[in-house]
Amino acid sequence: MTFIHIWDLPVNEFSVKLNKIYLKKTIIEIKKNFKSIKEFSEAIKKECNSFNKNTTESSSERVYEILKNKFYIPLDFLLALNKLLKLKLGEIEANITLLADKKLAKRPIKIRFPFKINEQFSKICEIIRTEGYLSREFQITLSNSDTRIINKFIRMFKIFSIRKKDFYFRLYTKIAVPKYLKKEDIQVFDAGGRKVKFYLRDKLLKLGKKKEVHILDPNFNLDNQRYKIITKQQIIECRVWINKTGNIKTGSSYQNIGKNSTSSLCVSIHNQAIGKLLNYIGEIPTGRKSKIIRLPKYILLGSREIIVAAFEEAINCDGCVEK
């Protein structure tokens with residue numbers, strides 16, 4: 001399972017764009033085998049779920065627009081096309097230039113088929129599996145206090161032609177406060193006097209209960225970020241900075257059981273095409289994480305390099321090697 005072909009993907013979830021020269025050749029083949037677009041549309045409707053609910057007129061119009069390269073081609077349409085014209089599947093997938101989510105084709109990715117599962121893909125999967133999550137809407141999110149892991153994670157997305165500017169960044173800071181406080185008793189500001197949004201969370205520790213202010217801030221400066229929590233009784237000051245090794249550190253003026261403050265960098269990207277590839281191929285579950293982590297098939301059947309890459313990232317993110 002080193003390579004993923006288009007027929008390995010769920011046919012009702014993706015759409016593609018073809019090389020323009022190959023698409024023109026395909027149109028010539030359609031004209032040879034069918035008298036009109038209407039006749040071709042009727043044949044497609046019988047083979048393709050994307051069109052079987054459409055009227056003949058709307059199907060013909062849609063097919064015409066697809067063949068003019070105005071719309072993405074649903075994957076089931078492409079496979080039906082292969083069946084009707086007896087094309088070579090290997091030649092079809094070699095001419096795919098873009099892959100997109102079928103319902104939301106606004107964020108396509110550049111990808112070559114067959115798609116080779118390499119070390120970068122394996123590392124992305126295992127970083128998300130251990131330290132991140134995949135939402136039900138297929139948004140990919142990673143949160144970590146080690147910026148080296150974050151930066152490495154972002155660089156790996158080059159395999160999908162995704163750049164750093166495509167990610168959304170937030171600073172996620174938790175600051176302990178007195179247990180008796182309610183949200184209406186608290187105001188949070190940064191060093192510039194900007195009022196900062198927050199929410200309260202209760203945390204149960206072995207030593208007892210703890211209350212924390214949680215801040216998810218898109219406007220931050222990792223060199224020296226400061227927050228001021230103001231209540232009627234006191235002012236709690238918190239500083240967030242990055243040390244020489246690339247780790248995010250915090251310090252708070254409030255003393256409490258356990259750590260009085262923690263902070264991590266949270267990066268997200270909402271690209272449903274990539275999210276679905278991670279879900280279907282990487283077998284990363286969507287929504288709330290399970291306590292059981294399962295090895296996906298691509299690792300069990302993968303090369304030594306893929307297995308080593310996956311193990312390395314799992315240890316980097318959530319483990320250690322002792323003496």
Side-chain angles (χ1 to χ4, degrees), residues 1-23 25-26 50 66 69-82 87-129 132 134-135 137-142 152-167 267-284 286 296-299 301-303 305-306 309-310 313:
M1 198 178 169
T2 308
F3 290 94
I4 299 297
H5 296 275
I6 54 168
W7 53 87
D8 294 323
L9 300 177
V11 294
N12 294 317
E13 297 291 343
F14 293 96
S15 58
V16 302
K17 274 214 170 183
L18 291 174
N19 177 292
K20 290 181 181 180
I21 296 172
Y22 184 76
L23 187 59
K25 290 180 181 179
T26 305
S50 297
I66 284 174
N69 209 29
K70 291 183 178 180
F71 288 96
Y72 281 80
I73 304 172
L75 201 53
D76 57 348
F77 179 97
L78 199 65
L79 297 178
L81 192 67
N82 162 71
L87 302 173
K88 294 179 180 178
L89 273 174
E91 190 176 349
I92 290 176
E93 68 173 4
N95 282 281
I96 290 174
T97 57
L98 295 172
L99 179 75
D101 175 63
K102 186 178 176 182
K103 294 177 183 177
L104 189 66
K106 293 180 180 179
R107 301 183 184 95
I109 56 173
K110 291 180 181 178
I111 189 170
R112 292 180 66 87
F113 281 100
F115 174 66
K116 184 179 181 181
I117 296 179
N118 56 19
E119 291 98 310
Q120 284 77 23
F121 182 81
S122 177
K123 287 182 177 187
I124 289 172
C125 289
E126 298 322 301
I127 289 174
I128 298 169
R129 206 184 309 276
L134 189 61
S135 75
E137 292 76 34
F138 298 99
Q139 177 172 291
I140 304 157
T141 300
L142 171 67
K152 184 197 293 186
F153 178 72
I154 291 168
R155 287 196 300 270
M156 289 171 189
F157 277 80
K158 286 183 180 179
I159 62 173
F160 300 116
S161 297
I162 297 294
R163 293 168 291 179
K164 189 173 182 177
K165 71 179 185 65
D166 299 312
F167 286 85
V267 297
S268 299
I269 183 167
H270 197 182
N271 186 299
Q272 289 183 303
I274 299 176
K276 286 184 177 181
L277 285 177
L278 296 174
N279 181 233
Y280 296 124
I281 301 172
E283 297 181 45
I284 297 171
T286 59
K297 290 177 186 176
Y298 82 84
I299 287 182
L301 303 175
S303 65
E305 289 75 19
I306 289 172
E313 291 311 320

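Everything quoted here is computed from the prediction, not taken from an experiment. Note: hydrogens, waters and symmetry copies are ignored here, and every other heavy atom, side chains too, is used. Note that the numbering runs from 1 along the sequence shown for the chain.
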Item to check | Full working for side chain to side chain contact (heavy atoms under 4.5 Å, CB included) between Y22 and I92 | outcome: CA-CA 8 Å; Y22 184 76; I92 290 176; 3.2 Å; yes
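- Taking the six-membered ring for Trp and thresholds of 30 and 60 degrees, F115 and F160 have nearly parallel ring planes, at less than 30 degrees apart.
- Closest approach of H270 to R107, counting heavy atoms only: O-CD, 3.0 Å.
- Proximity of F121 to K116: side-chain heavy atoms (C-beta onward) are nowhere separated by under 4.5 Å.
- Contact check for D76 versus N12: side-chain heavy atoms found under the 4.5 Å cut-off.
- I306 CD1 to E119 CD: the interatomic distance, rounded to the nearest 0.5 Å, is 6.5 Å.
- Taking each heavy atom of C125 and G282 in turn, the nearest pair found is SG-CA, 3.8 Å.
- The OG atom of S15 lies 9.0 Å from the CD1 atom of I73; values are rounded to the nearest 0.5 Å.
- L99 approaches A273 most closely through the heavy-atom pair O-CB, 4.0 Å.
- A distance-only check finds no donor-acceptor pair linking the side chain of S122 to the backbone of A309 [under 3.5 Å].
- For the atom pair CZ (R155) and CD (Q120), the distance works out to 11.0 Å, reported to the nearest 0.5 Å.
- Between the side chain of N95 and the backbone N or O of N19 there is no donor-acceptor pair closer than 3.5 Å.
- Take K276 and apply the salt bridge (Lys or Arg N to Asp or Glu O under 4.0 Å) test, not counting sequence neighbours, and it matches E13, D101.
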Next on the checklist: side chain to side chain contact (heavy atoms under 4.5 Å, CB included) for F14 and L277? Distances and angles first, verdict last.
Outcome noted: CA-CA 10 Å; F14 293 96; L277 285 177; 4.3 Å; yes
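- Remark: side-chain polar atoms of E93 are paired, donor with acceptor, to backbone N or O of I6 under 3.5 angstrom.
- In this structure the side chain of E137 never reaches within 4.5 angstrom of the side chain of T286, judged on heavy atoms.
- Between I159 and N118, some side-chain heavy-atom pair lies under the 4.5 Å cut-off.
- You'll find the side chain of I117 stays beyond 4.5 Å of the side chain of F3, heavy atoms only.
- A cation-pi arrangement is present between K17 and Y72 under the rule of less than 6.0 angstrom and at most 45 degrees off the ring axis.
- Between F157 and F153, the two ring planes are perpendicular [angle over 60°; tilted spans 30° to 60°].
- Note that CG of L75 is 6.5 Å distant from CG of L9, once rounded to the nearest 0.5 Å.
- Residues S268 and F167 form no side-chain contact, since every pair of their non-hydrogen atoms from C-beta on lies 4.5 Å or further apart.
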Item to check | Worked check of side chain to side chain contact (heavy atoms under 4.5 Å, CB included) between I128 and L142 | outcome: CA-CA 6 Å; I128 298 169; L142 171 67; 5.8 Å; no
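- Using a 4.0 Å cut-off between charged side-chain N and carboxylate O, E313 and K152 make a salt bridge.
- T26 places a side-chain heavy atom less than 4.5 Å from the side chain of L81.
- Taken to the nearest 0.5 Å, the CZ atom of R163 stands 11.0 Å off from the CD1 atom of I269.
- Of all heavy-atom pairs between I4 and F113, the closest is O-CD2, 3.5 Å.
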Item to check | Derivation of the side chain to side chain contact (heavy atoms under 4.5 Å, CB included) call for K110 and L98 | outcome: CA-CA 5 Å; K110 291 180 181 178; L98 295 172; 3.7 Å; yes
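- Residues A310 and I299 approach most closely at CB-CD1, 3.6 Å, considering heavy atoms.
- Using a distance-only test at 3.5 Å, with no hydrogens or angles considered, no donor-acceptor pair links the side chain of N82 to the main chain of L78.
- To the nearest 0.5 Å, atom CD1 of residue I124 and atom CD1 of residue I154 are 11.0 Å apart.
- Within the 4.5 Å cutoff, no side-chain heavy atoms of I111 are placed close to those of S161.
- In plain terms, the two heavy atoms of I96 and L18 that are nearest each other are CG1-CD2, 3.8 Å.
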